[in-house]
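Encoded as structure tokens, the structure appears first; notes follow it.
Convention: sequence-line order gives letters A, B, ...; per-chain numbering from 1. Since this is a predicted model, take the numbers as computed values, not measurements. Below, all heavy atoms of this structure are taken into account, side chains as well, without hydrogens, waters or symmetry copies.
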Amino acid sequence: MPELPEVETTRRGISPHLIGQTIQATVIREPQLRWPIPADLPERLDRRTVRTVERRGKYLLIGTNRGTLIVHLGMSGSLRILSPDSPPRKHDHLDIVLANGTCLRFHDPRRFGCVVWTENDPQVHPLLAGLGPEPLSTSFDAAYLYRKARGRSTPVKSFIMDSHVVVGVGNIYANEALFRAGIAPRRQAGRIALPRYEKLVLSIRAVLSEAIEQGGTTLRDFVNENGNPGYFQQTLQIYGRSGLPCYRCGQSIRTERLGQRSTYWCPSCQR
DNA sequence: AGTGCGGCCTGTCCGC
DNA sequence: TGCGGACAGGCCGCAC
């Protein structure tokens, strides 16, 4: 599910409920995620106070006065704020109960997500250390992408989905950004000129910002902290439109698998 | 070093 | 209605 806009929507939603709150209890129901939830998490978290709720790429960083909880929502994860009394549904793997009588609940059917604890600077944690720049920051620009693409034969779609190149661009938004930039997904990253990377950077920024404004994309199960879906799926111009006419030129949209991911493009608008 | 896969999981949908 | 297979928003880790 979640790409950067969904994680950012979640961050904005949960942040005011968490900051300044003391953690009263931590309930692990199912520790087997991508990596096991550490068994000693309750004793590490309980009585700590949440100071910050940040995002790095698709990772959420819940900072306390002792350490940081690093949460990834994987493919199907969500975080909700609710009463600790509300009965857990299937796949509600973790509760963090707060002193104000609410609870942060982690739900993840496919269990591709993770919950990791660190008492060091989270930015040097192996999961975060090698990440590329934030796409909405000024350090992400055409010159950077162009330089990074030198000598790379990988398709540009795989290139921009590589979190070591730039974080937060998942399959949906990669398809959308390439359509807006007029670049064919299979075009080799190292064979794209600087001006086209200018366009691509602007497209990535625009698509991600618009999606954040709309509360993310809900194809099947993304929900925000209140359990409500996002609305950006109404704005998708290419993703999922196989065989339908291109909104720009009317030609039939094609689909193909590229790097095991569904890829959609307009053969006449994207070169 | 860069590239391309397998694998982790459950749920859903589609064709037979 | 049941069943097998493909597929789904991510990403690590492994071969080559």
Side-chain angles (χ1 to χ4, degrees), chain A residues 1-10 29-37 55-60 70-79 89-94 106-116 125-132 135 147-178 185-191 204 207-208 211-212 214-224 229-236 238-243 255-264:
Chain A
M1 161 246 315
E3 303 184 36
L4 186 150
E6 292 72 39
V7 179
E8 180 60 19
T9 296
T10 300
R29 292 195 197 79
E30 171 56 78
Q32 295 308 318
L33 306 180
R34 171 179 269 282
W35 298 287
I37 300 177
R55 180 187 58 73
R56 177 72 177 99
K58 298 174 194 171
Y59 292 91
L60 281 166
I70 303 176
V71 179
H72 197 292
L73 300 177
M75 205 91 134
S76 58
S78 56
L79 285 169
R89 299 165 302 163
K90 202 175 177 185
H91 308 306
D92 282 346
H93 305 314
L94 174 73
F106 178 78
H107 175 86
D108 184 10
R110 289 176 75 181
R111 290 191 269 137
F112 286 0
C114 68
V115 175
V116 172
H125 190 280
L127 288 173
L128 306 191
L131 294 179
R147 184 175 53 76
K148 194 90 177 163
R150 292 312 84 201
R152 302 285 299 266
S153 62
T154 199
V156 62
K157 178 164 179 266
S158 311
F159 180 66
I160 60 171
M161 287 178 68
D162 180 348
S163 62
H164 302 280
V165 173
V166 56
V167 296
V169 184
N171 195 39
I172 293 182
Y173 300 117
N175 279 296
E176 294 298 313
L178 288 168
R186 278 193 191 278
R187 169 88 40 204
Q188 293 188 0
R191 297 197 176 174
I204 290 172
V207 117
L208 295 177
I212 292 170
Q214 309 252 350
T217 299
T218 299
L219 292 186
R220 47 166 59 87
D221 48 18
F222 173 71
V223 290
N224 67 14
Y231 293 98
F232 191 73
Q233 62 275 15
Q234 304 167 162
T235 312
L236 297 177
I238 194 97
Y239 185 87
R241 300 197 64 248
S242 178
T255 183
E256 200 172 292
R257 291 189 74 76
L258 198 169
Q260 292 132 287
R261 313 308 299 273
S262 304
T263 301
Y264 301 85

*Comparing A:Gln260 and A:Phe112 on DNA chain B - which has the more 5′ nearest nucleotide*: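 Per heavy-atom nearest nucleotide, the more 5' residue is A:Gln260.
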*In terms of the nearest nucleotide of DNA chain B, which residue is placed more toward the 5' end: A:Arg220 or A:Ser153?*
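Going by which nucleotide is closer to the 5' end, it is A:Ser153.
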Salt bridge (Lys or Arg N to Asp or Glu O under 4.0 Å) involving [X] - partner list, sequence neighbours excluded:
X: A:Arg29; answer: A:Asp95
X: A:Arg150; answer: none
X: A:Arg186; answer: A:Glu256
X: A:Arg56; answer: A:Glu134

*Would you say the side chain of A:Ile160 lies within less than 4.5 Å of the side chain of A:Leu178, judging by non-hydrogen atoms?*
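They are in side-chain contact.
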Without decimals, in angstroms, what is the distance between [X] [atom1] and [N] [atom2]?
X: A:Glu3; N: C:dG9; atom1: CD; atom2: P; answer: 8 Å
X: A:Lys157; N: C:dG9; atom1: NZ; atom2: C1'; answer: 11 Å
X: A:His107; N: C:dG9; atom1: NE2; atom2: P; answer: 18 Å
X: A:Leu258; N: C:dG9; atom1: CG; atom2: P; answer: 13 Å

*Which parts of nucleotides 11-16 of chain C does protein reach within less than 4.0 Å, heavy atoms only, written one letter per nucleotide 5' to 3' as B for base, S for sugar-phosphate only and - for none?*
BS----
*Using a cut-off of less than 4.0 Å, is there contact between a side-chain N or O of A:Tyr173 and OP1 or OP2 of C:dG9?*
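Checking C:dG9 against A:Tyr173, no side-chain N or O comes under 4.0 Å of OP1 or OP2.
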*asked:* As a check on the pairing definition, encode DNA chain C in dot-bracket form, counting Watson-Crick and G-U wobble pairs whose two distances are under 3.5 Å, and using | for partners outside this strand.
replied: .|||||||.|||||||
*Under the side-chain contact (heavy atoms from CB on, under 4.5 Å) test, residues paired with A:Gln233 that sit two or more places apart*: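 Testing A:Gln233 for side-chain contact (heavy atoms from CB on, under 4.5 Å), a comparison that skips the adjacent residues, returns A:Thr217, A:Thr218, A:Leu219, A:Leu236.
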*State which residues pass side-chain contact (heavy atoms from CB on, under 4.5 Å) with A:Gln32; sequence neighbours excluded, sorted by chain then number.*
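A:Gln32: side-chain contact (heavy atoms from CB on, under 4.5 Å) contacts with A:Glu30, A:Pro36, A:Arg111.
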With sequence neighbours left out, what residues match [X] under ring pair (Phe, Tyr, Trp, His ring centres under 6.0 Å)?
X: A:Phe159; value: none
X: A:Phe106; value: none
X: A:Phe112; value: none

*If you walk 5' to 3' along DNA chain B, what is the first nucleotide with an atom under 4.0 Å of a heavy atom in chain A, and what is the last?*
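Span of nucleotides near chain A: B:dG2 to B:dG11.
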*Do the ring centers of A:Tyr239 and A:Phe232 come within less than 6.0 Å of each other?*
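Between A:Tyr239 and A:Phe232, the centre distance exceeds or equals 6.0 Å.
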*asked:* Please give the distance between the P atoms of C:dC7 and B:dC5 as a whole number of Å.
replied: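 These two P atoms come out 14 Å apart once rounded.
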